[in-house]
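Remarks on the structure that follows.
Chain identifiers are assigned alphabetically (A, B, ...) following the order of the sequence lines, protein sequences preceding nucleic acid strands; residue numbering begins at 1 within each chain.
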Amino acid sequence: MSEWKRYTITAALPYANGPVHIGHLAGCYLPADIYVRYLRARRRDVVFICGSDEHGVPITITARREGVTPQQVVDKYHRIMGDAFAEFGISFSIYSRTSSQTHKETAQGFFKKLYDEGKFIEQETEQYYDEEVKQFLADRYIQGTCPVCGNENAYGDQCENCGSSLSPTDLIHPHSMLSGSKPVLKKTKNWFLPLDKLQPQIAGYLEQHKDWKINVYGQCKSWLESGDGLQPRSMTRDLDWGVPVPVPGAEGKVLYVWFDAPIGYISATKDLLPHTWETYWKDKDTRLIHFIGKDNIVFHCIIFPAMLMDHGEFILADNVPANEFLNLEGQKLSTSRNWAVWLHEYLEEFKDKQDELRYVLTSIAPETKDSEFTWKDYQTRVNSELVGIFGNLVNRVLVLTDKYFDNQVPEARECGELKTFTTDQKNKITDALENFRFREGLSELINLARHGNQLLSEKEPWKTIKDNREYTGATLYDCLQIIANLAILCEPFLPFTSKKIFDMLNLDPASLSWEDAGRQDLLKPGHKLGQAALLYQKIEEEQIEKQVEKLHSQSPQTPKGGLNTKTMENKEPSSDTAPGSALKPLSPEIVFDDFARIDLRAGTILSAEKVEKADKLLKLTVDLGFEVRTIVSGIAEHFKPEDLIGIQVSVVANLAPRKLRGIESKGMILLAEDTVGRLHFVSPKDLTENGSIIK
RNA sequence: GGCGGGGUAGCUCAGCUGGUUAGAGCGCAGCACUCAUAAUGCUGAGGUCGGGGAUUCGAGCUCCCCCCCCGCUACCA
């Protein structure tokens with residue numbers, strides 16, 4: 001358990017495209033902080049690394065939308081996130097950022113070494129280039145006419161009308177979605193990490209870590225064994241925001257954000273320890289642990305280790321205790337729908353209640369499965385556990401001691417039974433923390449406080465003081481020792497509380513370590529105690545009602561069937577990126593004749609049924625007046641089939657037929673997609689004769 | 001559809017390699033106490049462990065089938 005000489009603990013680099021919410025805290029930063037604080041309490045050598053992840057396409061989109069530079073975007077969120085972490089007591093050794101100079105050098109050096117050793121597969125392809133904005137275009141940023149079905153708004157990777165997989169060069173009349181101009185083909189090189197070749201090594205690595213959490217291990221297995229196994233992955237991108245690729249012929253290219261982000265852990269360590277950072281990353285006696293959310297498992301358990309293996313000098317993670325996701329009031333957290341409790345807002349509205357949130361989030365942390373945060377539960381846990389059991393014990397003992405013993409620790413002998421109990425609790429908490437079971441550890445902490453309350457009701461010092469001062473003193477002595485133990489043992493979970501208790505006991509936190517917990521002589525007889533104060537206030541009904549109201553009023557209504565939103569930001573541009581991040585830029589101008597080619601008709605849905613073996617498809621029959629057609633539409637996640645019957649819709653009637661899962665679809669139904677991803681039929685306002693021309 | 005994770009008391013969750021009466025906290029009911037932020041302590045009621053089948057002397061825990069939730073992936077607007 002303790003053969004490790006030092007620890008390098010990382011917490012996922014939060015993406016600097018928005019603030020941090022309770023899901024991030026519960027899933028990653030809190031468990032990491034608790035673990036680190038515990039290690040420090042045991043006087044272990046530990047660095048705790050984090051920072052903002054500031055590259056990638058979504059940040060450039062945010063910047064463009066807000067009319068500022070990407071650097072301004074990341075500066076803003078880097079500050080907001082860093083401040084929120086600091087105020088919550090997340091005790092990073094350093095909170096760095098990937099736009100730093102150190103990071104640039106480190107990431108480039110890393111890439112360069114792999115490059116020099118021929119570890120990459122170099123592939124030259126012809127890619128479209130936008131001469132107006134002077135950059136290569138990701139496939140998704142090119143639109144044009146689909147060669148298969150004639151849809152004029154097909155994307156460079158795929159036609160969303162007919163479903164054909166495309167490459168940008170297949171498109172007829174391609175145009176850039178950034179400027180609208182006609183892109184030109186230019187040769188470009190990209191460098192791929194051959195994960196397929198590294199697969200045996202990665203599998204071997206995984207085999208050595210069967211002790212990982214079941215959700216983590218299973219997820220990795222699934223990646224390795226499903227389909228064709230791992231595929232080569234490009235580690236560079238044609239983009240102007242990121243770390244420039246440091247090799248000849250790579251002008252205008254940056255490192256793939258998932259290549260540079262984990263290296264951010266290393267560069268941050270360099271910033272922290274310019275001379276000794278290497279021991280924390282290269283010495284076999286260093287234990288590397290990544291705290292992350294479940295969306296990051298593949299990057300931390302497969303891709304990053306693969307990069308490190310290939311590089312050769314670095315140690316690999318010994319554990320990756322990833323958590324599942326936290327839900328809020330019955331729904332998934334969603335940045336785009338503003339369904340979240342933001343840390344910087346909580347801090348303003350619940351002044352000095354950091355430990356309250358830390359407590360609640362730790363006790364419901366999604367360690368083995370998704371879990372649920374509700375404000376009602378927050379209130380209950382704070383009021384009954386923190387106020388009622390923990391805070392109350394401390395208060396009543398200190399008040400009694402002050403009243404009966406002039407605020408001095410009474411004379412008494414050590415109680416063997418209590419010592420055993422306290423030591424047991426300490427061991428249980430220690431064992432839980434060593435194994436990343438933070439909820440359990442916290443619950444055992446409360447049990448220790450509970451024991452103090454039991455002791456008081458059993459021995460009733462307020463009665464015994466009348467005729468047995470010595471016995472009363474012994475009782476309070478025991479309770480005071482429990483409180484001193486609580487001060488030590490609660491520090492990883494509730495650092496602000498711990499400090500307050502130490503103050504009240506007039507003890508120096510630095511003089512005691514984890515090893516001292518369990519002792520029954522932490523406070524010596526005659527020791528003068530400090531000023532007692534309440535540790536926590538009750539949470540009133542109105543406070544949580546206000547929060548629930550705020551949540552609902554600031555978030556758009558959830559559509560029927562739920563939304564397919566991502567809980568955390570998706571850093572790759574793709575069709576299913578969290579909806580609502582932006583309205584799409586306007587497509588290039590067309591002439592009237594282009595429009596006139598489209599024959600739109602009114603039609604009524606006669607029947608609707610789910611398509612077998614497809615989650616999103618509905619098979620519809622639509623009456624167009626002159627004929628009844630079958631149309632397959634990808635809207636199954638938004639509407640129930642029975643709700644559609646009888647609705648009049650607008651149909652693209654002259655679209656080339658297309659087979660979808662074996663069913664011939666003749667036409668397309670028009671829908672408007674709003675900024676949160678909901679679909680709305682575009683229909684004639686009043687019922688119209690089927691087949692009517694729409695123009 | 002494929003893969004991974006999960007479905008245990010009203011609620012939130014524990015349950016190790018299968019073994020006697022399935023656990024905790026909250027909530028609920030009753031009792032005790034009054035030092036304490038009307039806080040605390042004790043006692044109790046509450047579960048066909050998603051459904052069905054199989055293996056076993058014995059299964060919440062193993063195997064097969066099905067249903068539901070989460071994630072990835074596929075199909076796809």
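- Nearest nucleotide to the side chain of A:L400, out of B:G4, B:C35, B:C13: B:C35.
- Nucleic acid contact class of A:T374 (heavy atoms, under 4.0 Å, all strands): none.
- Across A:F304, A:W212, A:Y217, a single residue satisfies ring pair (Phe, Tyr, Trp, His ring centres under 6.0 Å) together with A:Y205, and that is A:W212.
- Rounded to whole angstrom, the span from the NZ atom of A:K500 across to the P atom of B:U37 amounts to 16 Å.
- Spacing between atom CG of A:L398 and atom C1' of B:U37 amounts to 14 Å, rounded to whole angstrom units.
- Comparing B:U40, B:C13, B:A39 by their nearest atom to the side chain of A:R439 picks out B:C13.
- Here the side chain of A:S222 is nearest to one of B:C33, B:U37, B:G4, namely B:G4.
- A side-chain N or O of A:N323 and one of A:K213 form a donor-acceptor pair less than 3.5 Å apart.
- Between A:L326 atom CG and B:U12 atom P the separation is 13 Å, expressed in whole Å.
- Spacing between B:A9 and B:A29 at atom C1', rounded to whole Å, works out to 16 Å.
- In the set B:C13, B:U40, B:U34, the nucleotide with an atom closest to the side chain of A:S457 is B:U40.
- With a cut-off of 3.5 Å on both pairing distances, the Watson-Crick or G-U wobble partner of B:U62 is B:A54.
- Phosphate proximity of B:C70 to A:K294: absent, as no side-chain N or O sits under 4.0 Å from OP1 or OP2.
- Counting only heavy atoms from C-beta on, A:N395 has its side chain closest to B:U37 among B:C35, B:U37, B:G41.
- When distances run from any side-chain atom of A:K332 to the nucleotides B:G71, B:U34, B:G41, the shortest one goes to B:G71.
- In this structure, the nucleotide among B:G4, B:U34, B:C26 sitting nearest to the side chain of A:T380 is B:C26.
- The pair A:K221-A:E207 meets the salt-bridge criterion, since a charged nitrogen lies less than 4.0 angstrom from a carboxylate oxygen.
- Residue A:L386 is the one, among A:D370 and A:L386, whose nearest nucleotide of RNA chain B lies closer to the 5' end (criterion: closest heavy atom).
- Within the nucleic acid shown, A:E385 comes within 4.0 Å of sugar-phosphate atoms alone, with no base atom in reach, counting heavy atoms only.
- Ion pairing of A:E324 with A:K294 is present here, as a side-chain N (NZ or NE/NH1/NH2) and a carboxylate O approach within less than 4.0 Å.
- The glycosidic torsion of B:G18 lies more than 90° away from 0, placing the base in the anti range.
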Kindly give the atom pairs (protein nitrogen or oxygen, nucleotide nitrogen or oxygen) under 3.5 Å for nucleotides 42-44 of chain B.
from  : atom 1 : to     : atom 2 : distance (Å)
B:C42 : OP1    : A:Q454 : NE2    : 2.8

Let's go through A:E545 and A:K376 carefully: what are the C-alpha distance in whole Å and the side-chain angles of both, what is the deciding distance for salt bridge (charged side-chain N to carboxylate O under 4.0 Å, His left out) to 0.1 Å, and is it a yes or a no?
CA-CA 9 Å; A:E545 276 169 14; A:K376 184 70 200 159; over 6 Å; no
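- Applying the 4.0 Å criterion to OP1 and OP2 of B:A39, one finds that A:K538 has a side-chain N or O inside that range.
- For A:R396, counting side-chain heavy atoms from C-beta on, the closest listed nucleotide (B:U37, B:C33, B:U40) is B:U40.
- Across all strands shown, B:A32 pairs with B:U40; the Watson-Crick or G-U wobble distances both stay below 3.5 Å.
- Comparing the P positions of B:U8 and B:C49 gives a spacing of 11 Å, expressed to the nearest Å.
- Nucleic acid contact class of A:Y536 (heavy atoms, under 4.0 Å, all strands): base.
- Between A:F373 and A:Y378, the ring-plane angle classifies as tilted under the 30° and 60° cut-offs.
- Contact of the A:L535 side chain with the A:D355 side chain is not registered, since no non-hydrogen atoms from C-beta on lie closer than 4.5 Å.
- Rounded to whole Å, atom P of B:C11 lies 15 Å from atom CZ of A:R381.
- Here the nucleotide nearest the side chain of A:E372, chosen from B:U37, B:U40, B:U12, is B:U12.
- No hydrogens or angles considered: a donor-acceptor pair under 3.5 Å links the side chains of A:E444 and A:N447.
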